[in-house]
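Chain naming here is simple, since letters A, B, ... match the order of the sequence lines and numbering starts at 1 in each.
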Amino acid sequence: MSERRKPYPFDRLEPKWQAIWDETRAFHAPNPGEEKFDPAQPKYYVLDMFPYPSGAGLHVGHPEGYTATDIIARYKRLKGFNVLHPMGWDAFGLPAEQYAIKTGQHPVVTTRENVAKFKTQLKRIGFSYDWEREINTTDPGYYKWTQWIFLQIYNSWFNPETKKAEPIATLLEAMKNWLGYEQWTPEQQRKIVDDRRLAYVEDAPVWWCPDLGTVLANEEVVDGKSEVGGFPVVRRPMRQWMLRITAYAERLLKGLDGLDWAESIKTLQRNWIGRSEGARLEFPWEGNVATGLLELAITVFTTRPDTVYGATYVVLAPEHPWLEAIVTREQRDRVREYQARVASKSELERTDLAKDKSGVFTGGYAINPITNEPVPVWIADYVLMSYGTGAIMGVPAHDERDWEFARRYGLPIKHVVAQLIPDGIEMRPSPAGITRVVQSKTGEKLGTWNDDRPFCGEGIAFNSPIIEGLLTPEAKQEVIKWLEMRGGLNGPTVKYKLRDWLFSRQRYWGEPFPIVWCDGKHEALTESELPLEPPALEDFKPSGTGEPPLAKAKDWIRYSENASRETNTMPQWAGSCWYYLRFCDPHNDERFVDEEAERWWMGPSIEKVVETRLVDPDPEWKPGGVDLYIGGVEHAVLHLLYARFWHKVLFDLGHVSKPEPFQRLVNQGMILGEDGRKMSKRWGNVIDPLDVIEIYGADAFRCYEMFMGPLEQMKPWSMKGVEGVSRFLARVWRLIMEENQAGEWVRSAAVQDEELTKAQQKITHATVKKVTADIESLSFNTAISQMMIFVNAFTTAEKIPVSAMRTFLVLLNPFAPHISSELWERLNLGGDITAQSWPEYDERFLVEDEIEIVVQVNGKLRDRITVALDATESELEAAALANQKVQNAIAGKQVRKVVVVPKKLVNIVTG
RNA sequence: GCCGAUGUGGCGAAAUGGCAGACGCAACGGACUUAAAAUCCGUUGGGCUUAAACGGCCCGUGCCGGUUCGAGUCCGGCCAUCGGCACCA
């Protein structure tokens, strides 16, 4: 492209202002105790999801959220807030390591380069970050505290009495009162403690990704493939570190109620946690009766205890630990063969083949506790070991899956719930022998049932002696009461889909665990041994066997004569679980965050408190936390759930002051390519922010990203659109500046100390009102529209009053900080624009003496009339009826009614 | 299958139950210019009526129905697209 003339000299003034902001520390937020700190000034904490600094640099998606938060940060400062607006780097992770494997360059080096690149790019967009608070998760001064927090988790247990994390010491104390304490050996005591730690080691089947050479968390596996890279994963038993997030399932769920998050994200988390209420039932093993020795009972979980009369068989997961005891000699081979077949399937195959239910009879029988009849015990891979108890009661008549399974293997089907006939529907006679009618206990409700198909809804119980004729909710309660009387494990219970968090990875580029192993037992390092830095390695490659790369560093591993270091590393999420806390006090060597700094920045701002309309709100909730957090929706169940979990642990242990980290969360929508497709190299539709800034300037880039449409919506990029916004900024420039003979930009002669005309007065105040309200509601697109309307109104004016420009430039400043700073200076308005205060508007300037009233006939627009502002309702009615067009429309008809909405409209209704 | 979101001009979009399409893009016409770019002004949802202009009229927010003096907006039922979960007992 040939050198085109810039519509205004953004290429000079943007770097100029960026340098000034740097030099003057314009956006530094003082902490309590710091020189310029003013406790009377309210705080506002506005946060971006910090990026992973990839080699590719920024794409247009990053600055979308960043611009939104920057507008808020700059706006809040002008409103007089002490604003915390920090940025940092989430720099541990796979890409840096994979790049290292490919090129041999150490991840430390690539990370440093990428961070430098990202930082330069972000500065070029003019974001008002407090760079003195920059943090990097790979910096030993940072991950020292990540490791420290891990130790807090490791050294805690979840006390079911208090429903809180507590130091292990309280467990040791509590244990003394437990039955049989005196007999325990130290070994047994140790095991009891280790089994209750919030960070524990488990040898269990985990997601192993051979291509990445590491294990992955549940949340990182999507459709049987790795979230990163899309490689296949397999189930494989391995010894791994787990974090007991399931202990917090209930509180993580409840805590959502008080948060000001999009309902869709809350729903995503709720579904992921997957709470369901039901009951545990014991089906005693029939072998008990024969041998009289074993007290074996198969415990099943069900959400429909009312259907227990219809339970005609029991199914165990193929991995169920009791199979050995239950399976008969005759069935042993077939069961083993089935187990082997299931184990060899990858998860993708297992779900893929799910359409056809398969299973094998174990030869054993269990006793249905309510009918006392023996029912066969099967194994089938449609029952998952990882959910509930790993065993179900098969109720084919009232569950689709059980129906399918029973039909395939010829198991008995017994109907015990009838479908309610909706009120007011007449029963029509059906073919005899198929549909039968049942009556409820009260005799008011009728139900039908049909032995052709399962019925999975709620209805009326029948063929069920103790709950005969009851509606499902009462029937459930009755069965639960009956179960509780039976004792044992029987009774009501709550299950969650959420699994514990698989926390170790077989990678080089992550935080090493502050753990050593001694005689097969794990021990924590002390705080003074932190940070534990990873060893220098030549070869970062995963071994492929599941042996972590750190295992190659023989010297590093050796901790003492008989102790060696843990060689797994933490997942990338570890660093991002608490970075928002570190931003409050990023250089502290004594604590992960200073207590006072944490209380201040995570404390309540004067923002209005969220109203929750819930019947049963979270009792734990307190106002406070990050006031506004903006980022992509892809973290809905990963980062956002993990961080909430860590925060709650830290809260329980008294290290932070609030139970939730992020009070208000907004997800920006994805930006698509110009062709409407997702931006990708494959389609060649990727837009580089720096290219755009080169041509149109950073202010135009920022404003376009906000003008495209609502922040949360997915929307396609348009270069023409950028041009439009760029034209708007150029018009702003020329409103105030003109070119002289020499081709220099000088203050326009039209800009004078003039009084505003009434119309100008009105539009100025209307613009202040609209822009203020729109920023508050994050409707940046309409705020920019309003500023365009303002500028359009002044471009035709012969004289441009300075006072209107003064107001306007402050409004524009959060959106286009460079041009507004420059024009502020050129107009000699005094001081720096960032030190101004946000303009106020006055309703009085918005009202007019005369207003336009809409006249409708039967709801259809007929005309508009101009009347005095204070016209009475009857005057309005008379004026409307006198209108010629109204007369035409109602000619020959009778006026039945006249609706008058003061200051708005008159609607004439004819018969 | 379940849960959630979204459907408005040629395009991005706007509209406390009260003038549908603000603002911007594109397109067309005009001014300026030797010319182009830039800039500025105007027109622009569809249709009918009119010789033409002015004007007048009808239709229009995915589809069907309801509430209301009045519905893009509220309620009920569909359809489509996108996203999440998915043998979760």
Between [options], which nucleotide gets closest to the side-chain atoms of [X]?
X         : options                : value
Arg862(A) : G18(B), C58(B), A13(B) : C58(B)
Tyr382(A) : G12(B), C87(B), A89(B) : C87(B)
Asp399(A) : A89(B), G24(B), A14(B) : A89(B)
Thr782(A) : C19(B), A14(B), G84(B) : A14(B)
Arg731(A) : C19(B), C87(B), G24(B) : G24(B)
Phe301(A) : A89(B), C23(B), U39(B) : A89(B)
Lys897(A) : C23(B), C69(B), G84(B) : C69(B)

Separation of the [atom1] atoms in [N] and [M], to the nearest angstrom:
N      : M      : atom1 : result
G9(B)  : C2(B)  : P     : 30 Å
A71(B) : A15(B) : C1'   : 13 Å
A20(B) : A13(B) : C1'   : 13 Å
U67(B) : A26(B) : C1'   : 41 Å
G17(B) : G55(B) : C1'   : 32 Å
U43(B) : G7(B)  : C1'   : 29 Å
G70(B) : G18(B) : C1'   : 7 Å
A37(B) : U49(B) : C1'   : 43 Å

With distance as the sole criterion, do the side chain of Glu263(A) and the base of G4(B) form a donor-acceptor contact below 3.5 Å?
->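 For Glu263(A), whose side chain was compared with the base of G4(B), there is no donor-acceptor pair (under 3.5 Å).
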What is the distance from [atom1] of [X] to [atom2] of [N], rounded to the nearest Å?
X         : N      : atom1 : atom2 : value
Leu268(A) : C82(B) : CG    : C1'   : 14 Å
Arg499(A) : C85(B) : CZ    : C1'   : 13 Å
Ile789(A) : A15(B) : CD1   : C1'   : 12 Å

Applying a 4.0 Å non-hydrogen cut-off, can you work out what [X] is touching in the nucleic acid: base, sugar-phosphate, or nothing?
X         : value
Thr796(A) : sugar-phosphate
Lys678(A) : nothing
Lys860(A) : sugar-phosphate
Gly724(A) : sugar-phosphate
Ile392(A) : base
Asn271(A) : sugar-phosphate

Establish, with yes or no, whether the OP1 or OP2 oxygen of [N] is under 4.0 angstrom from a side-chain nitrogen or oxygen of [X].
X         : N      : answer
Asn792(A) : A22(B) : no
Lys720(A) : A26(B) : yes
Arg727(A) : C25(B) : yes
Gln786(A) : C23(B) : no
Lys6(A)   : A38(B) : no
Asn781(A) : G24(B) : no

Pairing check on [N]: which nucleotide meets the Watson-Crick or G-U wobble criteria with it, both distances under 3.5 Å?
N      : result
A5(B)  : U81(B)
A35(B) : none
C25(B) : G10(B)
U50(B) : none
U61(B) : none

Starting from the C-alpha separation in whole Å, work towards a yes-or-no answer on side chain to side chain contact (heavy atoms under 4.5 Å, CB included) for Met787(A) and Phe707(A).
-> CA-CA 11 Å; Met787(A) 291 192 280; Phe707(A) 186 65; over 6 Å; no
ring-ring contact (aromatic ring centres under 6.0 Å, His included), paired with Trp378(A), selected from Phe405(A), Tyr313(A), Tyr338(A) =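 Only match with Trp378(A) under ring-ring contact (aromatic ring centres under 6.0 Å, His included): Phe405(A).
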Going by the angle between their ring planes, with limits at 30° and 60°, are Phe808(A) and Phe790(A) parallel, tilted or perpendicular?
-> parallel
Glu739(A) with Arg734(A): basic N within carboxylate O range, under 4.0 Å |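 No, no charged N to carboxylate O under 4.0 Å.
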